[in-house]
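Inspection log for the structure reproduced underneath, given as structure tokens.
Treat the numbers as computed from the prediction; the structure is a model and nothing was measured. All values below were derived from every heavy atom in this structure, side-chain atoms included, with hydrogens, water molecules and symmetry-related copies excluded.
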Protein chains: 2
Amino acid sequence: MAGPEIERLIQFLARLPGLGPRSARRAALILLKRRDQLLAPLAAAMLDAAAKVKTCAVCGNYDSVDPCAICADDRRDPSVICVVEDVASLWAMERSGLFRGRYHVLGGVLSALDGIGPDDLAVDHLVARAGSNAVVEIILALAATVDGQTTAHYLVDRLAGCQVAVSGLAQGVPVGGELDYLDDGTIGAALRARRPIA
Amino acid sequence: MAGPEIERLIQFLARLPGLGPRSARRAALILLKRRDQLLAPLAAAMLDAAAKVKTCAVCGNYDSVDPCAICADDRRDPSVICVVEDVASLWAMERSGLFRGRYHVLGGVLSALDGIGPDDLAVDHLVARAGSNAVVEIILALAATVDGQTTAHYLVDRLAGCQVAVSGLAQGVPVGGELDYLDDGTIGAALRARRPIA
């Protein structure tokens, strides 16, 4: 239908999350149409990112500096470490703007189905960090899924020997959530964790 | 939140159709995670496409050769030209696999709202091609929208002086379409264009 260059471009675009074969075709056409304004700068941004972005050796975040800007920021509390599944979760936490400590990216969650065990995650590194005297609390900000909570329980066991408090995100009704649309598990969790209203 | 390289990558990705800010972030993370398998080859495919893909001087299709593979294909009938709005429509026609003539990409449709007039489209070039003795029929394969049909009427007027038959795509019930879900306009068009059943 089109030349091999276009076909290859579409194939690679279709491997991005959120782009199926149809939208990959549309994206390829937009790129070819706006060659100077979009195609060339996007390719340049990709090569730039490929060359400069590193994984932070301390926390596992992506940044152009190592240690990353968060680990290097003196104003952030080094005594609290928030454990997240991946960099996407780290960015989501940062967007909330409420957490002022440091992070630890696990690189996934335990999953028997996907064959992901403790050795595939940055668990030993987390235990080593938790063993430092500077660390007081570890917050497990993992997904409220079976795998996420299995991982949280495993981490609680592994961190038992360290002199740190281990906490998890609260479960309950999301902001804006209407009871009628919530699943039974969420309502049950919110009920069990009910708080006195002052 | 992340380094400037990542932010810029996300910004450009978000300008692709089908990718909002959220999915652009996800795409950027997947790209950074799969640097060798996806980020580098996609950037290479983009640069390759930017360097090699040309607009066919005859029909307006994208290809790495000019004239494009369709215009250069001797087995395709040069006496029938199918007029399409853009390359996406041309690809859609090709996917149907039923048309064996040549194409003409208009580069858009007339739109008073968007300020697109005849001079912004490849109309003069179409009239010149239609004036060739080799051309017998022009098929207007334009969208069944107000702008598409306005453009079709305009082209019929402009092609009046040429010795060619001008036709348009049939309107009616789409394959798999249930009457209950069709709009009144489509049902009306299908009724007016009803055919005797042999």
Could you check which of B/Val53, B/Asp36, B/Thr55 has the highest count of heavy-atom pairs closer than 4.5 Å to chain A?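 Top count of heavy-atom pairs under 4.5 Å with chain A: B/Val53.
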
With a 4.5 Å cut-off on heavy-atom pairs, point out which of B/Gly18, B/Ala44, B/Ser64 contacts chain A the most.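 Counting heavy-atom pairs under 4.5 Å, the top option is B/Ser64.
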
Restricting to non-hydrogen atoms, name the atom on A/Gln37 and the atom on B/Phe12 that form the minimum distance, rounded to 0.1 Å.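 It is O-CE2, 4.1 Å.
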
Worked verdict on A/Glu5 versus B/Asp63 for side-chain contact (heavy atoms from CB on, under 4.5 Å): CA-CA 8 Å; A/Glu5 294 83 10; B/Asp63 205 338; 5.6 Å; no

Whether A/Arg8 side chain and B/Asp48 backbone form a donor-acceptor pair below 3.5 Å: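 Here the side-chain-to-backbone pair does not exist.
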
Start with the C-alpha distance between B/Trp91 and A/Ile6, add both sets of side-chain angles, then the distance that settles side-chain contact (heavy atoms from CB on, under 4.5 Å), and finish with yes or no. CA-CA 12 Å; B/Trp91 290 359; A/Ile6 303 181; 3.4 Å; yes

Taking the side chain as every heavy atom from C-beta outward, state whether [X] and [Y] have any pair of such atoms under 4.5 Å apart.
{"X": "A/Leu32", "Y": "B/Met46", "value": "no"}
{"X": "A/Val87", "Y": "B/Lys33", "value": "no"}
{"X": "B/Ser23", "Y": "A/Pro17", "value": "no"}

Can you get from [X] to [Y] by hopping between Ile, Leu, Val, Met, Phe, Trp and Tyr side chains that sit under 4.5 Å apart?
{"X": "A/Leu38", "Y": "A/Ile10", "answer": "yes"}
{"X": "A/Ile139", "Y": "A/Leu106", "answer": "no"}
{"X": "B/Val135", "Y": "B/Val105", "answer": "no"}
{"X": "A/Val156", "Y": "A/Leu126", "answer": "yes"}
{"X": "A/Val58", "Y": "A/Ile81", "answer": "no"}

Does the side-chain contact (heavy atoms from CB on, under 4.5 Å) test come out yes or no for A/Leu19 and B/Leu19, once each step is laid out? CA-CA 7 Å; A/Leu19 286 186; B/Leu19 286 186; 4.1 Å; yes

Side chain, backbone, both or neither of [X] within contact of chain B (heavy atoms, under 4.5 Å):
{"X": "A/Ala49", "result": "both"}
{"X": "A/Ile30", "result": "side chain"}
{"X": "A/Arg15", "result": "both"}
{"X": "A/Leu42", "result": "both"}

For [X], is the [atom1] atom crowded, meaning more than 12 foreign heavy atoms sit under 6.0 Å from it?
{"X": "B/Asn133", "atom1": "CG", "answer": "no"}
{"X": "A/Leu113", "atom1": "CG", "answer": "no"}
{"X": "A/Asp183", "atom1": "CG", "answer": "yes"}
{"X": "A/Arg34", "atom1": "CZ", "answer": "yes"}

I need the residue from [options] with the largest number of non-hydrogen atom pairs under 4.5 Å to chain B.
{"options": "A/Leu13, A/Asp86, A/Val65", "answer": "A/Leu13"}
{"options": "A/Gly20, A/Ala50, A/Pro4", "answer": "A/Ala50"}
{"options": "A/Arg26, A/Gln11, A/Arg35, A/Lys52", "answer": "A/Arg35"}

Counting only non-hydrogen atoms closer than 4.5 Å, does B/Ala40 touch chain A with its backbone (N, CA, C, O), its side chain (CB onward), both, or neither?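 No part of B/Ala40 comes within 4.5 Å of chain A.
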
For B/Leu16 and A/Leu31, run side-chain contact (heavy atoms from CB on, under 4.5 Å): C-alpha distance rounded to whole Å, both residues' side-chain angles, the deciding distance at 0.1 Å, then the answer. CA-CA 8 Å; B/Leu16 292 180; A/Leu31 284 169; 3.8 Å; yes

